[in-house]
There are 2 protein chains.
Amino acid sequence: MLTIGTLAKKTGTKVQTIRYYEQIGLLPEPGRSSGGQRRYGDAELDRLSFVRHARQLGFSLEAIRELLDLSDHPDKSCAEADAIARRQLKQVEQRIARLEALQTELKRMVHECSGGHTADCRVLEVLRDHSECLTNHEEIGG
Amino acid sequence: MLTIGTLAKKTGTKVQTIRYYEQIGLLPEPGRSSGGQRRYGDAELDRLSFVRHARQLGFSLEAIRELLDLSDHPDKSCAEADAIARRQLKQVEQRIARLEALQTELKRMVHECSGGHTADCRVLEVLRDHSECLTNHEEIGG
DNA sequence: ATACGACCTCCAGCTACTGTAGGTTCAAGA
DNA sequence: TCTTGAACCTACAGTAGCTGGAGGTCGTAT
Ligand SMILES: [Zn+2]
Ligand SMILES: [Zn+2]
Ligand SMILES: [Zn+2]
Ligand SMILES: [Zn+2]
């Protein structure tokens, strides 16, 4: 039986995060000691490891919830799990594309500025006027 | 003089977002009509366009606050602005690197799964066991 | 005069945690 | 057995950057 602190260490998770996952129903309520402290077994360790690994791969908690559910039902078709992963892959690819466009613009503005007063700063000029840009970057965030 | 709705349309911003920017002090409090509605001039339009463009390039509101301040003082050295942009570029490059590693793993798990029951799903297997991965992916989020 | 859209303030909610306050439990050492 | 101190508990607030809603007011066209 593991305490929450030990489980946290073993999975590289913060204690509060484990309690948070329990609160939102991603992890089941564990057993308790006579004094009311949480005690975990191997099943919970596996489950939390799964969650953390999926998070490291960028899956949202909602996606992870579905993946856990699928993992709990070995007889179901895995088509849904595969779809979630493909969706995630697509999202990652879109983000990469967007970030690469940003990278291009940022590189350009940094390289073109030769210092001096902010009145002539290339960085600020580009920020003031999108027509100085080579790429579009409609969406915000990320 | 522009209403908030017109300003929103001209800059591709939601009305609430403009009020939010004002609330956090990123945009100055504008003048008001006799009835208390916000009225904007060209200076505000420029300022908001700057903010939005910087957001599209991925700068944080905190960074934008500094950039605006530098832009307001044309005699200052632009070294700081350049530093902010370089920092942003670095961050973007790090994110790209991380996402490319994720992309590799996700592609692999998607391609290796040949369907069937979730019990044998390659996607779920990899999520259960990081040793199936080729890359490290310590950090979470993004 | 009235209708209707655009505006107003205030507040809650989103993701995925993280931190803090104030109190209790556990386990080891004296 | 008693004491100490780390680890635990609950509950709540805060982070970034918005977004949406409720309930009410303003502006303008007819
Ligand atoms: Zn410069
Ligand atoms: Zn641009
Ligand atoms: Zn599969
Ligand atoms: Zn892995």
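Residue numbers begin at 1 in each chain, while the letters A, B, ... track the order of the sequences.
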Review point. Among all residues two or more places apart in sequence or in another chain, which pass the side chain to side chain donor-acceptor pair (under 3.5 Å) test with B/Arg39?
Key: none
Check your understanding: Given side chains that start at C-beta, do those of A/Ile96 and B/Glu100 come closer than 4.5 Å, heavy atoms only?
Key -> yes
Exercise for review: Report the distance from atom CZ of A/Phe59 to atom P of C/dC17, rounded to the nearest whole Å.
Suggested key: 15 Å
Check your understanding: If you look only at pairs with a residue in residues 72-83 of chain A, which of them pass as a side chain to side chain donor-acceptor pair (under 3.5 Å), with sequence neighbours excluded?
Key -> A/Arg47-A/Asp72
Polar atom pairs (N or O), protein with nucleotides 18-20 of chain D, under 3.5 Å:
from: D/dC18; atom 1: OP1; to: B/Arg52; atom 2: NH2; distance (Å): 3.2
from: D/dC18; atom 1: OP2; to: B/Tyr21; atom 2: OH; distance (Å): 2.8
from: D/dC18; atom 1: OP2; to: B/Arg55; atom 2: NE; distance (Å): 2.8
from: D/dT19; atom 1: OP2; to: B/Thr17; atom 2: OG1; distance (Å): 3.0
from: D/dG20; atom 1: OP2; to: B/Lys14; atom 2: NZ; distance (Å): 3.3
from: D/dG20; atom 1: N7; to: B/Gln16; atom 2: NE2; distance (Å): 3.3

Point to revise | Electrostatic pair B/Glu22:B/Arg38 at N-O distance under 4.0 angstrom | key: yes
Review point. Are side-chain heavy atoms of A/Arg52 and A/Thr17 found at a separation under 4.5 Å?
Key: yes
Review point. Can you tell me how far P of D/dC8 sits from NZ of A/Lys9, to the nearest Å?
Key: 8 Å
Please tabulate, for side-chain N and O atoms in residues 122-135 of chain B, each donor-acceptor pair with protein atoms closer than 3.5 Å (sequence neighbours left out).
from: B/Arg122; atom 1: NE; to: B/Glu112; atom 2: OE1; distance (Å): 2.5
from: B/Arg122; atom 1: NH1; to: B/Glu125; atom 2: OE1; distance (Å): 2.9
from: B/Arg122; atom 1: NH1; to: B/Glu132; atom 2: OE1; distance (Å): 3.4
from: B/Arg122; atom 1: NH2; to: B/Glu112; atom 2: OE1; distance (Å): 3.1
from: B/Arg122; atom 1: NH2; to: B/Glu132; atom 2: OE1; distance (Å): 2.9
from: B/Arg128; atom 1: NE; to: A/Ser71; atom 2: OG; distance (Å): 3.3
from: B/Arg128; atom 1: NH2; to: A/Ser71; atom 2: OG; distance (Å): 3.0
from: B/Asp129; atom 1: OD1; to: B/Ser131; atom 2: N; distance (Å): 3.0
from: B/Asp129; atom 1: OD1; to: B/Ser131; atom 2: OG; distance (Å): 2.8
from: B/Asp129; atom 1: OD2; to: B/Ser131; atom 2: OG; distance (Å): 3.0
from: B/His130; atom 1: ND1; to: A/His53; atom 2: NE2; distance (Å): 3.2
from: B/His130; atom 1: ND1; to: B/His137; atom 2: NE2; distance (Å): 3.1
from: B/Thr135; atom 1: OG1; to: B/Glu105; atom 2: OE2; distance (Å): 2.8

Review point. Counting distance only, does the side-chain N/O of B/Gln88 pair as donor-acceptor with the main-chain N or O of B/Gly58 below 3.5 Å?
Key: yes
Within the sub-3.5 Å range, which N or O atoms of nucleotides 10-14 of chain C have a protein N or O partner, and how far apart are they?
none

Exercise for review: Would you kindly give the CD-to-C1' distance between A/Glu139 and D/dG17, to the nearest whole Å?
Suggested key: 16 Å
Practice item. Tell me which of B/Ile4 and A/Thr3 sits closer to the 5' end of DNA chain C, going by the nucleotide each one is nearest to. Key: B/Ile4
Review point. Within a strict 4.5 Å, meaning less than it, do heavy atoms of the A/Tyr20 and A/Leu61 side chains meet?
Key: yes
Review point. How would you label the contact of B/Ile24 with the nucleic acid (heavy atoms, under 4.0 Å): base, sugar-phosphate, or nothing?
Key: nothing
Check your understanding: Less than 4.0 Å between a side-chain N and a carboxylate O, is that true for A/Arg65 and A/Glu62?
Key -> yes
Check your understanding: Using a cut-off of less than 4.0 Å, is there contact between a side-chain N or O of B/Arg32 and OP1 or OP2 of C/dT9?
Key -> yes
**Study point:** Distance, rounded to the nearest Å, where A/Tyr40 contributes OH and D/dA7 contributes C1'
**Key:** 13 Å
Check the interface with nucleotides 27-30 of chain D: list each N/O to N/O pair with the protein under 3.5 Å, or write none.
from: D/dG27; atom 1: OP1; to: B/Ser33; atom 2: OG; distance (Å): 2.9
from: D/dG27; atom 1: OP1; to: B/Gly35; atom 2: N; distance (Å): 3.3

Check your understanding: Could you give the CD-to-P distance, from B/Glu22 to C/dT9, as a whole number of Å?
Key -> 8 Å
Review point. Atom CG of A/Leu26 to atom P of C/dT15: distance rounded to whole Å?
Key: 13 Å
Practice item. May I ask you to decide if A/Glu139's main-chain N or O and A/Arg98's side chain share a donor-acceptor pair within less than 3.5 Å? Key: yes
Check your understanding: Hey, does the side chain of B/Thr13 reach the backbone of B/Lys9 with a donor-acceptor pair shorter than 3.5 angstrom?
Key -> no
Practice item. Take the protein atom CG of B/Leu7 and the nucleotide atom P of C/dA6, then report the distance between them rounded to whole Å. Key: 15 Å
